[in-house]
Visitor: 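Before we start, here is the structure in question, set down as structure tokens.
Values reported hereafter were calculated over all heavy atoms of this structure, with side chains retained and with hydrogens, waters and symmetry mates removed. Within every chain, numbering begins at 1; the chains are lettered A, B, ... in the order of the sequence lines, protein sequences first and strands thereafter.
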4 protein chains.
Amino acid sequence: MSVNKVILVGNLGKDPELRYTPAGTAVATFPLATSERYRDKSGQQVEKTEWHNIVVWRNLAEICGKYLHKGKQVYIEGKIRTRSYTDRDGNKRYITEIEAEQMQMLGRIGDDVGSRAPAPAAAQDDFNQQPAASFDEPAYNPDDDIPF
Amino acid sequence: MSVNKVILVGNLGKDPELRYTPAGTAVATFPLATSERYRDKSGQQVEKTEWHNIVVWRNLAEICGKYLHKGKQVYIEGKIRTRSYTDRDGNKRYITEIEAEQMQMLGRIGDDVGSRAPAPAAAQDDFNQQPAASFDEPAYNPDDDIPF
Amino acid sequence: MSVNKVILVGNLGKDPELRYTPAGTAVATFPLATSERYRDKSGQQVEKTEWHNIVVWRNLAEICGKYLHKGKQVYIEGKIRTRSYTDRDGNKRYITEIEAEQMQMLGRIGDDVGSRAPAPAAAQDDFNQQPAASFDEPAYNPDDDIPF
Amino acid sequence: MSVNKVILVGNLGKDPELRYTPAGTAVATFPLATSERYRDKSGQQVEKTEWHNIVVWRNLAEICGKYLHKGKQVYIEGKIRTRSYTDRDGNKRYITEIEAEQMQMLGRIGDDVGSRAPAPAAAQDDFNQQPAASFDEPAYNPDDDIPF
DNA sequence: TTTT
DNA sequence: TTTT
């Protein structure tokens with residue numbers, strides 16, 4: 001009975017870091033900047049940048065590691081997640097991250113100066129993906145008889 | 001490289017109609033009302049109701065057919081889809097529908113006066129769901145070693 | 001060139017706290033819970049609750065202070081914002097909050113057992129609202145001649 | 001008590017058409033394509049394009065008319081609206097449109113081959129904007145004393 | 001009628 | 001630490 005959804009369009013502050021859990025699951029992390037322009041009390045235009053900690057799992061992590069790079073503009077859809085950890089002084093601390101479930105590269109494919117690999121397509125965390133074998137019930141089939 | 005996302009919170013105008021394609025796929029449809037209050041030129045409060053044609057497939061259709069009913073408040077996440085069809089005069093016509101991929105019943109579970117079945121949980125179109133057997137790589141595992 | 005949008009449906013963990021800045025601006029804060037059910041490695045249903053720090057400004061803060069209460073289910077639309085502050089040991093620390101720009105109370109109006117005030121309507125942060133006097137150009141006017 | 005929100009990232013199928021109502025209100029319209037790739041029953045990759053009728057009012061219409069052009073990639077946030085009209089045979093017909101409230105141009109600014117004007121910034125429908133004079137209560141003021 |  |  002609840003919804004936890006985040007939609008971001010921003011630019012990567014660094015290349016993604018791709019790591020693996022002991023169990024072998026891929027996980028990529030990168031900072032994403034969104035910025036907002038507004039006028040302060042004196043009427044002057046100022047810009048405020050928000051930095052988001054993006055975390056991506058499984059196949060989507062591999063795609064991010066391969067195709068994204070510092071400066072790239074992306075669309076991210078995911079959820080907010082706050083983790084606790086213990087710092088070196090033994091204090092419990094919290095970090096809020098965005099767990100991305102969908103990622104879309106934005107802009108023309110040609111304009112990727114710093115690209116690390118040839119251009120890909122949109123991508124989704126495979127965890128909620130159907131197995132390749134089960135396409136007998138298509139998500140959308142315009143040739144099927146629609147009973148309404 | 002594109003996004004087509006709709007988020008609605010509204011009330012069902014009718015009980016859902018649950019049908020099956022010749023191939024046996026479940027599909028539910030129902031009208032959903034969202035309304036907006038604003039002031040007109042004369043400053044008077046008016047209310048404008050928008051009606052959305054909701055279409056739901058597969059297991060989520062079954063859930064809607066079982067648990068939703070006229071008047072129920074729901075959260076819907078999905079995509080916009082425009083279909084063409086030929087009317088009885090032979091003219092090509094278009095209808096825009098919202099294909100729901102996620103549905104959440106809102107409000108207290110007890111306040112469902114007209115409910116047709118005991119209360120359920122949130123639900124998602126199974127088409128993008130993982131098979132029951134493959135839970136060895138959990139979507140989220142707080143006990144796993146996170147390598148960052 | 002960026003988007004920072006959060007959509008939450010959840011329940012208040014406490015009554016809102018309504019305060020005022022030295023300049024007299026109203027600000028309300030409250031924790032909001034969203035929860036997710038999933039199966040762990042052993043296939044068991046577990047529930048994980050995420051707590052969000054909601055911050056609301058101006059007239060929307062007053063509305064939250066008046067009408068929301070612990071347990072109430074709400075729809076929140078806003079943005080992610082991370083603030084830094086110095087803790088009592090002099091360390092710089094960060095806190096991530098959701099600045100709500102829109103709030104909708106969910107559920108039947110009657111089912112508000114602990115309500116602190118008679119039921120209200122949906123509401124929006126006035127900061128981006130038009131002044132009351134300028135309604136000569138309506139947001140939507142079905143009687144106007146639409147030139148397309 | 002309702003939400004009607006659409007989020008699109010897609011490409012303009014034509015240059016925007018900018019018109020004015022008899023009352024002098026600017027309104028721009030353009031088709032926006034979103035496309036989805038999926039596999040059909042035979043396992044073949046197919047692409048389905050959805051066309052959205054975008055309608056934009058007031059200052060945001062002027063901005064769209066000035067800076068957008070056929071092929072441009074944009075982020076659109078708005079609401080679904082279905083209008084009825086009478087066709088030339090006297091039949092009542094319906095058309096569903098997306099009324100855009102926010103628009104963001106995507107991609108690098110330099111990569112706008114067909115651009116009709118020098119590059120702009122993000123933009124919002126002024127109807128919900130505050131008047132320029134009232135910035136004494138800033139939307140966000142990092143220098144203000146936050147009372148929590 | 002766009003983009004990949 | 002990105003982009004405009």
Side-chain angles (χ1 to χ4, degrees), chain A residues 8-17 29-38 45-54 63-64 67-76 98 103-115 118-123, chain B residues 1-4 82 84 94, chain C residues 1-4 82 84 94, chain D residues 8-17 29-38 45-54 63-64 67-76 97-98 103-115 117-123:
Chain A
L8 301 173
V9 174
N11 299 278
L12 276 79
K14 290 185 188 171
D15 286 348
E17 294 187 16
T29 57
F30 54 86
L32 188 78
T34 58
S35 40
E36 193 183 358
R37 250 151 274 141
Y38 63 95
Q45 271 269 357
V46 291
E47 179 172 304
K48 181 164 189 310
T49 295
E50 199 65 39
W51 286 98
H52 310 272
N53 304 303
I54 311 293
I63 289 168
C64 290
Y67 298 115
L68 299 188
H69 57 88
K70 180 174 168 172
K72 181 71 185 156
Q73 188 185 38
V74 293
Y75 168 95
I76 290 285
I98 306 305
M103 184 276 298
Q104 304 263 354
M105 284 168 268
L106 299 176
R108 287 262 166 65
I109 273 187
D111 64 308
D112 265 339
V113 186
S115 184
Chain B
M1 305 279 274
S2 65
V3 174
N4 175 357
T82 298
S84 67
Y94 296 89
Chain C
M1 305 281 275
S2 65
V3 174
N4 173 358
T82 298
S84 67
Y94 297 89
Chain D
L8 302 173
V9 174
N11 299 279
L12 277 79
K14 291 184 188 171
D15 286 348
E17 295 188 16
T29 57
F30 54 87
L32 189 78
T34 58
S35 39
E36 194 184 356
R37 250 151 275 143
Y38 64 94
Q45 272 268 355
V46 290
E47 179 172 304
K48 180 163 190 310
T49 294
E50 199 64 41
W51 286 99
H52 309 272
N53 304 303
I54 310 294
I63 289 168
C64 290
Y67 299 115
L68 300 188
H69 56 88
K70 180 174 166 172
K72 181 73 185 155
Q73 188 184 39
V74 294
Y75 168 94
I76 290 284
E97 295 162 321
I98 307 306
M103 184 275 298
Q104 304 264 353
M105 284 167 268
L106 298 176
R108 287 262 167 66
I109 273 189
D111 64 307
D112 266 338
V113 186
S115 183

Visitor: Output all residues satisfying side chain to side chain donor-acceptor pair (under 3.5 Å) with B:S2, sequence neighbours left out; order by chain, then residue number.
Guide: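 None.
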Visitor: Just how far is it from atom CG of B:N4 to atom OG1 of D:T49, taken to the nearest 0.5 Å?
Guide: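 Spacing of CG (B:N4) from OG1 (D:T49) equals 11.0 Å.
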Visitor: Which residue, A:E47 or A:W51, contacts DNA chain F at a nucleotide closer to its 5' end, judged by nearest heavy atom?
Guide: A:W51
Visitor: Quick one: does D:D15's side chain have a donor or acceptor within less than 3.5 Å of a partner on D:H69's backbone?
Guide: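 No, the answer is negative, given that no donor and acceptor are paired below the 3.5 Å cut-off.
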Visitor: Checking contacts here: which listed nucleotide (F:dT1, E:dT1, F:dT2) is nearest the side-chain heavy atoms of A:T49?
Guide: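 Of all the options, the side chain of A:T49 is nearest to F:dT2.
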Visitor: Find the distance A:E50:CD to F:dT2:C1' and express it as a whole number of Å.
Guide: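 Interatomic distance, CD of A:E50 to C1' of F:dT2: 13 Å.
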Visitor: Round to the nearest Å and state the distance from A:L106 atom CG to F:dT4 atom P.
Guide: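 About 13 Å, once rounded to whole Å.
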Visitor: Separation of D:L32 atom CG from E:dT4 atom C1', in whole Å?
Guide: 15 Å
Visitor: On the side chain of C:S2, is there an atom forming a donor-acceptor pair with the base of F:dT3 - under 3.5 Å, no angle test?
Guide: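 No such pair is found, so the answer is no.
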Visitor: Indicate, with a heavy-atom threshold strictly under 4.0 Å, whether A:T34 touches base, sugar-phosphate, or nothing.
Guide: nothing
Visitor: How close or far is atom C1' of E:dT4 from atom CD of D:E36, stated in whole angstroms?
Guide: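 One finds 14 Å between C1' of E:dT4 and CD of D:E36, rounded.
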Visitor: Under a 3.5 Å distance rule, please check whether A:Q73 uses its side chain to pair with a backbone N or O of A:V9 as donor and acceptor.
Guide: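 Side chain of A:Q73 to backbone of A:V9: no pair is present.
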Visitor: With D:Q45, which residues qualify under side chain to side chain donor-acceptor pair (under 3.5 Å), at least two apart?
Guide: none
Visitor: Between F:dT1, E:dT1, E:dT2, which nucleotide gets closest to the side-chain atoms of D:A33?
Guide: E:dT2
Visitor: Out of F:dT4, E:dT4, E:dT1, which has the shortest distance to the side chain of D:K14?
Guide: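 Comparing F:dT4, E:dT4, E:dT1 against the side chain of D:K14, the answer is E:dT1.
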Visitor: Give the rounded distance in Å between these two atoms: NZ of A:K48 and P of F:dT4.
Guide: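 From A:K48 NZ to F:dT4 P: 20 Å.
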Visitor: Whole-Å distance between E:dT1 P and B:Y94 OH?
Guide: 13 Å
Visitor: For A:L8 and F:dT3, give me the distance from atom CG to atom P, rounded to whole Å.
Guide: 17 Å
Visitor: Rounded to the Å, how far apart are A:N11 CG and F:dT4 P?
Guide: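 Interatomic distance, CG of A:N11 to P of F:dT4: 7 Å.
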